[in-house]
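Remarks on the structure that follows.
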2 protein chains.
Amino acid sequence: MTEARGERAGRPPSTSARAVELIALELFGEQGFEDTTVEQIAERAGVSSRTFFRYFDSKASVLWHQFDQEVATLRSAFDAVDDELPLMEAIRVVVVGVNRYRAQDVAELRARMHLIGSVPALAASAASRYEPWEEAVSEYAGRRRGESADALVPLAIGRTTLAACRAAFDRWVAVGDADLTVYLDAALRALATGFVDEPH
Amino acid sequence: MTEARGERAGRPPSTSARAVELIALELFGEQGFEDTTVEQIAERAGVSSRTFFRYFDSKASVLWHQFDQEVATLRSAFDAVDDELPLMEAIRVVVVGVNRYRAQDVAELRARMHLIGSVPALAASAASRYEPWEEAVSEYAGRRRGESADALVPLAIGRTTLAACRAAFDRWVAVGDADLTVYLDAALRALATGFVDEPH
DNA sequence: TTGCTTCTGTCATGGTGTGACAGTATCGTC
DNA sequence: GACGATACTGTCACACCATGACAGAAGCAA
């Protein structure tokens with residue numbers, strides 16, 4: 001009978017996932033990912049390490065907290081895109097559009113992507129984190145092509161789209177002379193042409 | 001001065017990486033990857049768990065022992081391929097050719113790929129293991145296009161080629177009604193066309 | 001036998017991640 | 001204000017992975 005709850009109940013959380021995330025990013029930047037223990041993060045956040053693992057599944061999960069939420073954005077963008085566009089063009093428009101980060105977030109994004117790219121343990125965790133993102137693309141491709149998202153080509157489209165975007169991210173982190181969207185657009189255009197040898 | 005060694009020296013190994021690998025695969029099949037401890041593998045192999053970690057970097061590394069050696073095969077195949085072929089066609093020919101596994105190895109390959117696809121910890125380890133494979137493709141693409149392998153497009157070609165192959169592998173493991181090379185060929189042909197919507 | 005080399009086991013240790021359980025802080029209700 | 005329900009927290013114990021240090025074992029060559 002006590003179903004409908006007004007606002008909240010029980011003891012309020014000591015902190016928030018976002019706050020812990022920022023502390024973790026700070027420590028990772030100071031002394032590296034491997035040399036930072038969960039206990040250090042928890043201590044600076046004012047909680048026990050046991051509580052850290054209630055906020056995040058693993059030490060690596062901290063880096064993906066923001067990203068996980070962006071998959072929903074991606075899905076809704078696919079729902080809104082014009083289906084008159086050729087398939088790969090629609091995907092490019094959606095992906096580039098979703099990645100127009102606000103200027104204030106660029107520094108944090110860059111730090112995060114740099115860590116993911118340079119720390120083996122984080123690169124390893126990437127695969128499972130990117131999976132929902134890939135699936136969103138595969139499902140759109142399947143819908144457009146009238147097949148299951150599990151079919152070979154939709155699956156390949158999801159995977160290769162992510163692969164092209166990761167290449168763009170890596171180049172952007174390494175060079176960074178232009179906006180991220182420029183790199184993404186170039187990589188996805190190349191993918192859509194099948195990487196033809198440009199006649200010069 | 002004791003440089004040139006005849007055959008061998010020192011205490012001979014108790015076992016071999018290959019023998020430990022087969023034991024591990026057996027145990028993983030029986031009771032799953034997570035529920036198999038390194039100590040169990042080592043015990044059945046007649047060594048201590050410390051010695052296991054001298055044979056393999058980690059528990060997951062066992063699954064990649066064979067794969068690591070195939071990258072050399074891939075590289076030499078790229079050296080031998082006809083450069084007159086269009087770039088993506090050459091890549092397809094090389095990759096499909098390298099994957100013509102002998103019939104006797106198919107069962108083991110399938111078991112391995114199934115584990116890699118279904119166990120999160122193994123999927124996570126995949127990224128770092130595939131990296132040299134991707135690089136081999138990127139280097140060939142860079143050579144053919146007259147750019148660095150680190151440039152955006154060669155990097156994207158390496159990553160997307162692997163992504164397409166992984167899609168083929170997954171479908172082959174799930175369905176498996178035809179030869180692996182059929183799936184690889186189809187995925188790489190689709191990639192080379194930029195996933196155009198087939199007119200029917 | 002001696003010395004060198006290579007592989008091995010034992011021991012100790014640090015770190016991740018989880019289950020069990022009790023404690024604490026807030027709610028709504030009487 | 002006392003009460004129970006709820007949600008979060010800390011402490012404790014534990015299994016497992018992975019690594020460094022060190023000594024012992026087993027082969028070769030002189």
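Numbers restart at 1 for each chain; the letters A, B, ... are given by sequence-line order, proteins then strands. Note: hydrogens, waters and symmetry copies are ignored here, and every other heavy atom, side chains too, is used.
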Under the rule for side chain to side chain contact (heavy atoms under 4.5 Å, CB included), what residues qualify as partners of [X], not counting sequence neighbours?
X: A:Thr37; answer: A:Glu39, A:Gln40
X: A:Arg189; answer: A:Arg92, A:Asp185
X: B:Arg143; answer: B:Asp79, B:Tyr140
X: A:Ala111; answer: none

Neighbours of DNA chain D within residues 112-131 of chain B, by heavy-atom distance under 4.0 Å: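 Within this stretch, nothing sits under 4.0 Å of the strand.
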Neighbours of DNA chain D within residues 19-29 of chain B, by heavy-atom distance under 4.0 Å: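 Heavy-atom cutoff 4.0 Å gives no residues at all.
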For A:Glu26, all residues meeting side-chain hydrogen bond (donor to acceptor under 3.5 Å, both in side chains), sequence neighbours excluded: A:Arg44
Partners passing side-chain hydrogen bond (donor to acceptor under 3.5 Å, both in side chains) against B:Glu135 (at least two apart in sequence or in another chain): none
Using residues 167-175 of chain B as the side-chain source, report each donor-acceptor pair under 3.5 Å to any protein atom, sequence neighbours left out, with the distance given to one decimal.
residue: B:Asp170; atom: OD2; partner: A:Arg159; partner atom: NH1; Å: 3.2
residue: B:Asp170; atom: OD2; partner: A:Arg159; partner atom: NH2; Å: 2.7
residue: B:Arg171; atom: NE; partner: A:Asp150; partner atom: O; Å: 3.2
residue: B:Arg171; atom: NH1; partner: A:Asp150; partner atom: O; Å: 3.3
residue: B:Trp172; atom: NE1; partner: B:Ala178; partner atom: O; Å: 3.3

Pairs of donor and acceptor atoms involving the side chains of residues 119-131 of chain A, under 3.5 Å and at least two apart or interchain, shall be tabulated with distances.
residue: A:Ser125; atom: OG; partner: A:Trp64; partner atom: NE1; Å: 3.1
residue: A:Ser125; atom: OG; partner: A:Leu122; partner atom: O; Å: 2.8
residue: A:Ser128; atom: OG; partner: A:Ser125; partner atom: O; Å: 3.3
residue: A:Arg129; atom: NH1; partner: A:Asp68; partner atom: OD2; Å: 2.6
residue: A:Arg129; atom: NH2; partner: A:Ser61; partner atom: OG; Å: 2.6

A:Tyr55 side chain near D:dT9 phosphate (N/O to OP1/OP2, under 4.0 Å): yes
Under-4.0 Å side-chain N/O to phosphate OP1/OP2 contact, B:Ser14 with C:dT8: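 The answer is yes; a side-chain N or O of B:Ser14 sits under 4.0 Å from OP1 or OP2.
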Length of the CZ-C1' vector between B:Arg11 and C:dT6, whole Å: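 That distance rounds to 9 Å.
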Under 4.0 Å protein heavy-atom contacts per nucleotide of nucleotides 11-19 of chain D, with B for base, S for backbone only and - for none: B----SSBB
A:Arg144 with A:Glu89: basic N within carboxylate O range, under 4.0 Å: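 Result for this pair is no, no salt bridge flagged.
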Set of ring-ring contact (aromatic ring centres under 6.0 Å, His included) partners for A:Tyr55, sequence neighbours left out: none
